Amino acid sequence: MIFGLRPILEALNAGRTLDKIFLLRGTKNSMTQDITALAKAADVPVSMVPVEKLDNITRKNHQGAVAFVSPIDYMPLDSILAGLYEEGKTPLLLVLDRVTDVRNFGSIARNAECLGVHAIVVPSRGAAQINGDALKTSAGALNLIPVCREANLKETLTFLRESGVQIVACTEKSDASLEAEAVDLTGPLAILMGSEEDGISPEYLRLANHKLRIPMAGQISSLNVSVASGIMLYEVLRQRLVKK
């Protein structure tokens, strides 16, 4: 963590990758304005919070400002996608809509790296904080696989579609089942997974080229999102290996 307005401003000016910033609600001065502007340019979420929130985060003299430093550097999605096409690779991306549990995120990253995902895409707001627990749960995968933090997932999904990437949403609301192999998963692909609470947002589901559900045989109707991501990505890898 970084405490105080000036240290946070200096960190932003130095280009350090910050995960999120908390500022004391009601504070308005030139330094908070500069922090807010720089954070917006870097897609770092800023939250205006009561002093109790800051006091709960740290007992140190925070001076009304606390920032979390990310242990990874976020990568630009457009550059990654362009690079994959230039190298003749078939893009495989994993898009996470509001997956907030840190350990789930770490497990998903481990699945993704093992099964050939080229990058993980998360929203700048409403995503799990990438911290030591996430790195540990990922078994080091977060040091190997790029993570892209996007300010607007709707625009990101539209960009992917326009770039020739097929969006496939994993949702129990679909009639098409994964094992039926009704969807070709061997081309440029982005797998879209939803939050632990309520799945994929309707506005994102509407942008999906295909919706697939994982078949169930038990009485519980849903899987943990990290397990579901592993099943979806395995099917992608299986189809691609068969096609070779």
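A quick note: this is a predicted structure, and the numbers were derived from the prediction, not measured.
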Practice problem: Just do the side chain to side chain contact (heavy atoms under 4.5 Å, CB included) check on Val66 and Ile2 with the steps written out, would you? | Solution: CA-CA 6 Å; Val66 175; Ile2 302 175; over 6 Å; no
Self-check item: Criterion side chain to side chain contact (heavy atoms under 4.5 Å, CB included) on Asn143 and Leu135, from CA distance to verdict
Solution: CA-CA 8 Å; Asn143 293 318; Leu135 285 169; 4.0 Å; yes
Quiz prompt | Verdict with reasoning, Arg149 to Leu77, per side chain to side chain contact (heavy atoms under 4.5 Å, CB included) | solution = CA-CA 8 Å; Arg149 183 167 61 183; Leu77 177 60; over 6 Å; no
Quiz item: After noting the C-alpha distance and the side-chain angles of Arg240 and Glu235, does the key distance pass the salt bridge (charged side-chain N to carboxylate O under 4.0 Å, His left out) rule?
Solution: CA-CA 9 Å; Arg240 293 185 175 196; Glu235 176 59 18; over 6 Å; no
Exercise. Walk me through it: do Phe3 and Asn61 pass the test side chain to side chain contact (heavy atoms under 4.5 Å, CB included)?
Key: CA-CA 7 Å; Phe3 317 104; Asn61 183 18; over 6 Å; no
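Each of Leu38, Ile35, Val44, Thr32 was evaluated against Ile8; a single residue qualifies, Ile35, per the side-chain contact (heavy atoms from CB on, under 4.5 Å) test.
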Pairs of donor and acceptor atoms involving the side chains of residues 9-21, under 3.5 Å and at least two apart or interchain, shall be tabulated with distances.
residue	atom	partner	partner atom	Å
Asn13	ND2	Leu9	O	3.3
Thr17	OG1	Asp73	OD1	2.7
Asp19	OD1	Tyr74	OH	2.8

Distance-only donor-acceptor hits, side chain of residues 210-223, under 3.5 Å, sequence neighbours excluded:
residue	atom	partner	partner atom	Å
His210	NE2	Gln166	OE1	2.9
Arg213	NE	Ser174	O	3.1

When the side chains of residues 95-110 are checked against the rest of the protein, which donor-acceptor pairs come out under 3.5 Å, sequence neighbours left out?
residue	atom	partner	partner atom	Å
Asp97	OD2	Ser201	N	2.8
Asp97	OD2	Ser201	OG	3.0
Arg98	NE	Ser201	OG	3.4
Arg98	NH1	Asp198	OD1	3.0
Arg98	NH2	Asp198	OD1	3.2
Arg98	NH2	Gly199	O	3.0
Arg98	NH2	Ser201	OG	3.1
Asp101	OD1	Arg103	N	3.0
Asp101	OD1	Asn104	N	2.8
Asn104	OD1	Asn224	ND2	3.1
Asn104	ND2	Glu196	OE2	3.3
Ser107	OG	Arg103	O	3.1

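Distance check: Thr36 OG1 to Met31 CE gives 12.5 Å after rounding to the nearest 0.5 Å. Rounding to the nearest 0.5 Å gives a distance of 8.5 Å between OH of Tyr85 and OG1 of Thr90. Interatomic distance, CD1 of Ile130 versus CD1 of Ile72, reported as 3.5 Å (0.5 Å rounding). Taking NZ of Lys136 as the start and CG of Asn131 as the end, the distance is 12.0 Å to the nearest 0.5 Å. Distance CG/Leu23 to OG/Ser47: 8.5 Å, rounded to 0.5 Å. The distance from atom NE2 of His118 to atom CG of Leu189, rounded to the nearest 0.5 Å, is 11.0 Å.
When the shell of 6.0 Å around CZ of Arg6 is examined, it contains 12 or fewer heavy atoms from other residues, nucleotides or ligands. Under a cut-off of 6.0 angstrom, the local environment of CD in Glu179 is crowded, with over 12 non-hydrogen atoms contributed by other residues, nucleotides or ligands. Within 6.0 Å of atom CG in Asn56, more than 12 heavy atoms from other residues, nucleotides or ligands are found, so the atom counts as buried in its surroundings.
Among all heavy-atom pairs drawn from Ser124 and Ala151, the shortest one is OG-CA, 3.4 Å. In terms of heavy atoms, Ile145 sits closest to Ala112 at CD1-CB, 3.8 Å. Between Met193 and Cys170, the shortest heavy-atom distance links the atoms SD-CB, 3.5 Å. Here the closest non-hydrogen pair linking Asn209 and Val165 is OD1-O, 4.1 Å. Taking both residues in full, the closest heavy atoms of Val236 and Leu185 are given as CG1-O, 3.7 Å, listed atom of the first, atom of the second, then distance. Here the shortest heavy-atom pairing between Leu115 and Gly230 reads CD1-O, 3.6 Å.
At least one side-chain heavy atom of His62 sits less than 4.5 Å from a side-chain heavy atom of Asp55. You'll find the side chain of Asp184 reaches within 4.5 Å of the side chain of Gln239, heavy atoms only. The shortest side-chain heavy-atom distance between Leu5 and Asp34 does not fall under the 4.5 Å cut-off. Looking only at side-chain heavy atoms (C-beta outward), Ile57 and Met1 come within less than 4.5 Å of each other.
By the rule that hydrophobic residues join a cluster once side-chain heavy atoms approach within less than 4.5 Å of another member, Val69 and Val147 end up as members of separate clusters. Leu241 and Val183 fall within the same hydrophobic cluster, where Ile, Leu, Val, Met, Phe, Trp and Tyr residues are linked whenever their side-chain heavy atoms come under 4.5 Å apart, directly or through other members. Linking Ile, Leu, Val, Met, Phe, Trp and Tyr residues whenever their side-chain heavy atoms come within less than 4.5 Å leaves Val46 and Phe22 in two separate clusters. Follow the hydrophobic side-chain contacts under 4.5 Å out from Tyr204 and you reach Leu93 in the same cluster. Residue Val168 is grouped with residue Ile231 when hydrophobic side chains (ILVMFWY) are merged at heavy-atom distances under 4.5 angstrom, including chains of intermediate members.
Electrostatic pairing of Arg25 and Glu52 does not count as a salt bridge here, judged by no charged N lying under 4.0 Å from a carboxylate O.
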